[in-house]
Amino acid sequence: NASPSISTQYKVVGTDVNGCQDSSYTTISVNPLPVLNIIGSNMTCEGQSVSLLANGAQSYIWFPSIGLDTTAGSTVIANPSSSQTYTIVGSDLNQCQNSTSFTLSVLASPNISINTSADSICIGDISMITASGALTYNWTPSASLNTSTGSVVSAMPSLATTYSVLGTGPNNCSSTSFVTIYVNPLPILSVIPNDTTI
């Protein structure tokens, strides 16, 4: 059995019973293995997708299938719930195969908690809204807020309003939380005298 690492020519010499010799040559061509690369971010935030592109071969198989939209082809969309190492097997036109691995780290998104001083107010009153669980905060809609950033905002809506806060953690991952402040109308007062003549 011949298993050369590079293309090699072999010579065989045959001798018959009379001592006569002859020789023959054969060449075994050794094709190089495909050199595989995976292009794409090796980090993503929880719940976000990453596009991974393989090159260096003609066809590709990805495994495991956890969090992948497909297991065949040069491009896959990965959205695993936790960090995952993917292996790709690539085949070239000569049916030579090689493999490589790629680790996609999944970073945790912040868990945003919201507290209010009052979730139901009268027109003209203020409710303090406090967010926690992240490093920075961005609030919308900002029209009835004293500021659109920060962990504590003052809300003075004139009608029921749902506010969203986008919190970003130390690893640059973000998540959104919501709170609704309900607005009660002021009572409508009227005076009806018992007797109009005094």
Side-chain angles (χ1 to χ4, degrees), residues 38-54 62-86 88 102-198:
I38 299 176
I39 301 168
S41 174
N42 62 354
M43 284 190 289
T44 187
C45 295
E46 198 173 22
Q48 293 184 355
S49 299
V50 172
S51 179
L52 302 177
L53 171 67
W62 299 74
F63 61 93
S65 61
I66 298 167
L68 297 180
D69 66 331
T70 183
T71 57
S74 60
T75 303
V76 298
I77 304 297
N79 187 9
S81 58
S82 60
S83 296
Q84 183 69 49
T85 297
Y86 294 106
I88 183 172
F102 182 88
T103 298
L104 178 60
S105 298
V106 177
L107 306 175
S109 295
N111 185 13
I112 308 298
S113 298
I114 297 180
N115 293 308
T116 62
S117 60
D119 58 3
S120 180
I121 61 172
C122 296
I123 292 177
D125 287 347
I126 294 174
S127 178
M128 302 299 291
I129 308 173
T130 304
S132 61
L135 291 180
T136 62
Y137 304 90
N138 287 295
W139 300 83
T140 56
S142 60
S144 57
L145 297 175
N146 67 325
T147 182
S148 62
T149 61
S151 62
V152 180
V153 295
S154 300
M156 197 170 84
S158 57
L159 49 87
T161 303
T162 298
Y163 298 98
S164 68
V165 60
L166 177 69
T168 303
N171 54 15
N172 236 14
C173 292
S174 301
S175 60
T176 303
S177 193
F178 301 89
V179 65
T180 300
I181 304 296
Y182 298 95
V183 179
N184 299 310
L186 296 176
I188 299 173
L189 302 178
S190 62
V191 177
I192 303 173
N194 288 335
D195 192 345
T196 57
T197 305
I198 58 171

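It should be emphasised that the depicted structure is a prediction, and the values quoted were computed from it without experimental measurement.
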Problem set entry | Step-by-step side chain to side chain contact (heavy atoms under 4.5 Å, CB included) determination, Asp119 to Ser127 | CA-CA 7 Å; Asp119 58 3; Ser127 178; over 6 Å; no

For this session: Apply the test side chain to side chain contact (heavy atoms under 4.5 Å, CB included) to residues Ile123 and Asn184: give CA-CA distance (whole Å), side-chain angles for both, the deciding distance (0.1 Å), then the verdict.
Result: CA-CA 6 Å; Ile123 292 177; Asn184 299 310; over 6 Å; no

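The side-chain hydrogen bond (donor to acceptor under 3.5 Å, both in side chains) analysis of residues 141-159, with sequence neighbours excluded, yields the pairs Ser144-Tyr163.
Nearest approach of Val50 to Ser41, heavy atoms of both residues: CG1-O, 3.7 Å. Across all their heavy atoms, Leu68 and Ala78 have their closest contact at CD2-CB, 3.8 Å. Nearest heavy-atom pair across Trp62 and Gly73 is NE1-O, 2.8 Å. For the pair Trp139 and Gly150, the tightest heavy-atom approach, listed with the atom from each and the gap, is NE1-O, 2.7 Å. Here the shortest heavy-atom pairing between Pro110 and Gly133 reads CB-O, 3.3 Å. The shortest heavy-atom contact between Ile88 and Ala54 is CD1-CB, 3.1 Å.
The distance from atom CG of Leu107 to atom OG of Ser83, rounded to the nearest 0.5 Å, is 7.0 Å. A distance of 12.0 Å separates OG of Ser174 from CD of Glu46, quoted to the nearest 0.5 Å. In this structure, CG in Leu166 is found 10.5 Å from OG in Ser177, a value given to the nearest 0.5 Å. With rounding to the nearest 0.5 Å, the separation of CD1 in Ile129 from OG1 in Thr116 is 7.0 Å. Here OG of Ser120 is found 8.5 Å from CD1 of Ile181. Values are rounded to the nearest 0.5 Å. Interatomic distance, CG of Asn42 versus CG of Leu104, reported as 7.5 Å (0.5 Å rounding).
Counting only heavy atoms from C-beta outward, the side chains of Val76 and Leu52 approach each other to under 4.5 Å. When side chains are defined from C-beta on, Ile114 does not count as touching Thr130, because their heavy atoms never get closer than 4.5 Å. Side-chain atoms of Val165 and Val153, non-hydrogen and from C-beta on, never get closer than 4.5 Å to each other. Using a 4.5 Å heavy-atom threshold, the side chains of Met128 and Val152 count as touching. The shortest distance between side-chain heavy atoms of Phe63 and Thr71 does not fall below 4.5 Å. Contact of the Thr168 side chain with the Leu135 side chain is not registered, since no non-hydrogen atoms from C-beta on lie closer than 4.5 Å.
Between the side chain of Asn171 and the main chain of Ala108, a donor-acceptor pair closer than 3.5 Å is present. Not one N or O on the side chain of Ser109 forms a donor-acceptor pair closer than 3.5 Å with the backbone of Cys173. A donor-acceptor pair under 3.5 Å is formed between the side chain of Thr161 and the backbone N or O of Leu159. Ser51 places no side-chain N or O within donor-acceptor distance of the main-chain N or O of Ile77, the cut-off being under 3.5 Å. Side-chain atoms of Ser105 never come within 3.5 Å of backbone atoms of Met43 as a donor-acceptor pair (strictly under, hydrogens ignored).
Residues satisfying the side-chain hydrogen bond (donor to acceptor under 3.5 Å, both in side chains) criterion with Thr103, sequence neighbours excluded, are Thr85. In this structure, the side-chain hydrogen bond (donor to acceptor under 3.5 Å, both in side chains) partners of Thr140, at least two apart in sequence or on a different chain, are Ser164.
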